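The shown structure was predicted, so the numbers you read here are calculated from the model rather than taken from an experiment.
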Amino acid sequence: MATPLSDTPLSPLKTIAVVGLGTMGTGITEVLAKAGREVVGIDISEAAAAQAVATLEAATARAVEKGRLTEQDRADLLARVTTSTDLRAAADADLVIEVAPESYEIKHQIFRELDGIVRPETILATGTNALSVTRLAADSARPERVLGLHFFNPAPAMKLVEVVSSVLTAPGAVSAVTNLALDLGKEPVAVGDRPGFVADGLLFGYLNQAAAMYEAKYASREDIDAAMRLGCGLPMGPLALLDLIGVDTARTVLEAMYAESHDRLHAPAPILKQLSEAGLTGRKSGRGFYSYEAPGSATVVPDALTPLTGAVRAPGREIRSVGVAGSGTMASGIAEVFAKGGYEVVLAARSEEKAQAAKARIGKSLSRSVDKGRMTAEAAAQTLDRITAAGSYDAFADVDLAVEAVAEDLEIKQQLFQALDKVCKPGAVLATTTSSLPVVACARATSRPQDVIGMHFFNPAPAMKLVEVVRTVLTAEDVHSTVHEVCGRIKKHAVDCGDRAGFIVNALLFPYLNNAIKMVQEHYASLDDIDAAMKLGGGYPMGPFELLDVVGLDVSLAIEKVLHREFRDPGLAPAPLLEHLVAAGCLGRKTGRGFREYARR
């Protein structure tokens with residue numbers, strides 16, 4: 001009788017077979033060979049096997065040119081790799097990593113054949129990112145030795161590896177591949193078996209929503225992508241990323257997720273099916289959401305949907321002076337931005353004292369810029385001189401643009417717009433910085449709704465390049481043009497969107513954050529593992545729980561509630577765990593405790 005795997009000391013995983021030599025399989029082969037493993041690359045296609053070798057040769061030649069490898073190291077690495085078109089070449093492997101196409105039938109066939117080829121103690125790993133590891137394991141002769149080993153593309157560069165256990169997986173197998181991942185210089189995250197696991201489970205819901213947003217013609221593909229890059233610090237926008245991943249691959253992953261979750265956020269947007277069935281699968285086909293120079297190229301080329309450069313807008317209104325209403329961080333940041341852009345700024349608050357405190361905050365910010373060499377002391381002094389602090393909104397009588405940055409409360413904003421309507425001269429543009437409230441509700445509080453528009457700055461305003469320009473159905477064309485001209489002068493990137501909850505960034509960001517909370521709530525993965533997965537696997541500058549604690553759990557809950565109320569989607573209902581933490585006063589860094597605890601200052 002065989003000894004249970006958990007009681008058997010596993011030999012080091014020295015010889016590893018990689019089944020499937022596409023981009024991912026070739027990348028994994030390179031990673032393993034660099035780490036000193038003997039690698040057998042297997043593919044049914046001789047051309048694919050030959051291409052994998054050519055790719056390895058080219059990659060290692062570049063590494064030699066850059067001084068990362070010596071010629072001898074390169075020769076040794078290449079000597080550790082052999083290829084075959086016969087699965088029996090895996091007979092002596094300690095570990096087999098399968099990275100065949102995302103099809104149960106193909107993967108089942110490979111695993112069934114491997115059962116009759118490999119040694120009883122050989123570990124079988126699937127590289128799937130969408131299919132059930134448990135289902136694959138259940139049909140294996142040795143289900144306790146089957147697990148998931150999900151690398152991210154490109155495998156040589158991406159640090160994350162998700163180690164996926166089913167209820168059948170023996171702890172010894174998990175331990176062995178986890179140690180291997182560490183030896184490869186990767187950061188393994190242990191997760192359970194559900195479609196998408198952690199990183200893709202969160203990522204693909206977000207990508208799907210972005211595709212649906214574009215399909216609804218809410219915003220252009222360029223504006224959606226720019227908004228998420230500039231507003232969230234992401235390396236790529238969601239539609240460009242879908243083209244990189246493959247539109248067909250994304251559709252497959254989402255279908256598997258939806259079959260499991262029945263969450264409408266995972267139901268593939270119809271445009272994904274349309275593009276897939278038309279063969280417009282992204283970069284690999286030369287066209288997806290964008291058009292590319294050639295199949296496989298990363299170079300985007302203009303097409304019929306590309307915005308015309310220098311497109312003529314309606315003439316805007318002349319803006320010489322700007323009023324900023326509010327005394328908080330956002331108001332002072334926006335006032336600083338306008339003053340740096342050369343505008344005369346009136347910074348008004350409910351009292352002279354509050355306004356002067358806000359101006360003093362700007363002075364400190366400018367001093368830090370001088371200390372860091374970003375501007376001269378003379379330029380900082382001139383910028384501060386352009387700002388006048390006032391204790392009453394009556395000071396806005398002569399401004400050409402009034403921007404409110406007061407509390408995110410509709411009643412407060414409407415009262416302010418009523419006041420601005422009385423104070424500001426005819427023709428002045430009135431803007432709200434709301435991140436979640438209807439702009440038209442602010443506009444209707446005035447007698448001139450055509451002059452009202454949304455200008456959603458991001459915090460900290462001096463550093464963040466994005467401004468979401470939100471038109472209502474009543475906003476005049478010249479007001480829209482004016483705001484675009486102003487954004488250009490203050491060196492901000494303006495993206496256009498309509499007046500609906502969350503605009504672009506928050507409508508895509510907060511459902512992703514909510515889904516991360518649900519993962520913790522369901523005990524699927526830990527805070528640390530989820531944060532690590534999204535930073536290492538998704539390229540996010542912060543993990544979701546780091547970001548939630550920075551934004552504030554109360555702010556996050558308020559935005560989630562607005563999104564849920566507007567779109568009526570059950571999947572957007574705030575996670576109960578978020579509501580419980582807010583009710584307990586655990587609001588994030590500002591209270592010293594949110595999802596994590598922080599040292600009080």
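At a threshold of 4.0 Å, the pair Lys107-Glu98 counts as salt-bridged, since one of the basic side-chain nitrogens sits closer than that to a carboxylate oxygen. Looking at Lys340 and Glu336, a side-chain N of the basic residue comes within less than 4.0 Å of a carboxylate O on the acidic one, giving a salt bridge. Under the 4.0 Å criterion applied to side-chain N and carboxylate O atoms, Arg194 and Glu260 are not assigned as salt-bridge partners. Salt-bridge check for Arg251 with Glu102: failed, with every basic side-chain N at 4.0 Å or more from each acidic carboxylate O. Using a 4.0 Å cut-off between charged nitrogen and carboxylate oxygen, Lys284 and Asp248 count as a salt-bridge pair.
Rounded to the nearest 0.5 Å, atoms CG (Leu242) and CZ (Arg283) are 12.0 Å apart. Distance CG/Asp531 to CG/Leu536: 10.0 Å, rounded to 0.5 Å. Distance check: Glu222 CD to Leu305 CG gives 7.5 Å after rounding to the nearest 0.5 Å. Atoms CG and CE, from Leu401 and Met455 in turn, are 6.0 Å apart once rounded to the nearest 0.5 Å. Rounded to the nearest 0.5 angstrom, Met257 CE and Asp200 CG are separated by 8.0 Å. How far CG of Asp225 is from CE of Met236: 8.0 Å, rounded to the nearest 0.5 Å.
Residues Glu546 and Arg596 have side chains in contact (heavy-atom distance under 4.5 Å, counting atoms from C-beta outward). Counting only heavy atoms from C-beta outward, the side chains of Leu563 and Pro511 approach each other to under 4.5 Å. Two residues are said to be in side-chain contact when any heavy atoms from C-beta on lie closer than 4.5 Å; Thr434 and Phe503 meet this criterion. Between Ile224 and Leu508, the closest side-chain pair of non-hydrogen atoms falls below 4.5 Å. Side-chain atoms of Val191 and Asp529, non-hydrogen and from C-beta on, never get closer than 4.5 Å to each other. Between Phe595 and Ile517, the closest side-chain pair of non-hydrogen atoms falls below 4.5 Å. By the 4.5 Å heavy-atom criterion applied to side chains, Leu207 and Leu241 are counted as neighbours. Within the 4.5 Å cutoff, side-chain heavy atoms of Glu579 are placed close to those of Leu557.
Defined by atom type and a distance below 3.5 Å, a donor-acceptor pair is present between the side-chain atoms of Ser436 and Glu408. Inspection of the Thr306 and Arg221 side chains reveals an N or O donor paired with an N or O acceptor under 3.5 Å. A side-chain donor-acceptor contact under 3.5 Å links Thr55 and Gln51. Side-chain contact, Thr475 with Thr472: a donor N or O sits under 3.5 Å from an acceptor N or O. In summary, the side chains of Ser220 and Asp496 do not present any donor paired with an acceptor at a separation below 3.5 Å, with no hydrogens or angles considered.
Minimum interatomic distance between Ala211 and Leu272 (heavy atoms only, all atoms of both residues): CB-CD2, 4.1 Å. Closest non-hydrogen pair, Ser556 versus Val551, comes out as OG-CG1, 3.7 Å. Closest of all the heavy-atom pairs between Met330 and Ala405 is CG-CB, 4.2 Å. Annotation for Ala269 and Ala212: closest pair CB-N, 4.0 Å, computed over non-hydrogen atoms. Between Ile559 and Ser435, the shortest heavy-atom contact is CD1-OG, 4.4 Å. Residues Gly316 and Glu485 share a closest heavy-atom pair of N-OE2, 3.4 Å.
For Ile44, the CD1 atom sits in a loose shell: 12 or fewer heavy atoms of surrounding residues, nucleotides or ligands are nearer than 6.0 Å. Within 6.0 Å of CZ on Arg444 lie no more than 12 heavy atoms contributed by other residues, nucleotides or ligands.
A distance-only check finds a donor-acceptor pair linking the side chain of Glu215 to the backbone of Ile271 [under 3.5 Å]. At distances below 3.5 Å, not a single donor-acceptor pair connects side-chain atoms of Asp43 with backbone N or O atoms of Ala48. At least one donor-acceptor pair under 3.5 Å links the side chain of Glu468 to the backbone N or O of Val505. No donor-acceptor pair under 3.5 Å is formed between the side chain of Ser166 and the backbone N or O of Val133. With hydrogens and angles disregarded, no donor-acceptor distance shorter than 3.5 Å links the side chain of Ser165 to the backbone of Gly192. Under the 3.5 Å distance criterion, the side-chain polar atoms of Asn515 are left unmatched by any main-chain donor or acceptor of Leu202. Proximity of a side-chain donor or acceptor of Asn208 to a complementary backbone N or O of Leu265 within less than 3.5 Å is detected. In this structure, the side chain of Lys186 engages the main chain of Ala155 through a donor-acceptor pair within 3.5 Å. In this structure a side-chain-to-backbone donor-acceptor pair under 3.5 Å is present from Lys492 to Met464. Although no hydrogens or angles enter the test, the distance criterion places a donor-acceptor pair under 3.5 Å between the side chain of Arg489 and the main chain of Gly341.
Between His262 and Tyr258, the ring planes are perpendicular. Angles over 60° get that label, and only those under 30° would be called parallel. Under the 30°/60° scheme for interplanar angles, the aromatic rings of Tyr512 and Tyr206 are found to be tilted.
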Verdict with supporting geometry, Ile453 and Val469, side-chain contact (heavy atoms from CB on, under 4.5 Å): CA-CA 7 Å; Ile453 194 166; Val469 177; 3.7 Å; yes
Full working for side-chain contact (heavy atoms from CB on, under 4.5 Å) between Asp528 and Phe545: CA-CA 8 Å; Asp528 290 345; Phe545 297 100; over 6 Å; no
Worked verdict on Leu547 versus Leu509 for side-chain contact (heavy atoms from CB on, under 4.5 Å): CA-CA 10 Å; Leu547 183 56; Leu509 175 65; 4.0 Å; yes
Lys413 vs Glu404, salt bridge (charged side-chain N to carboxylate O under 4.0 Å, His left out): CA-CA, chis, key distance, verdict: CA-CA 8 Å; Lys413 288 185 187 292; Glu404 71 76 17; 2.9 Å; yes
Step-by-step side-chain contact (heavy atoms from CB on, under 4.5 Å) determination, Phe151 to Val99: CA-CA 10 Å; Phe151 287 80; Val99 275; over 6 Å; no
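Of the listed residues (His150, Glu162, Met24), just one forms a side-chain contact (heavy atoms from CB on, under 4.5 Å) with Asn129, and that residue is His150.
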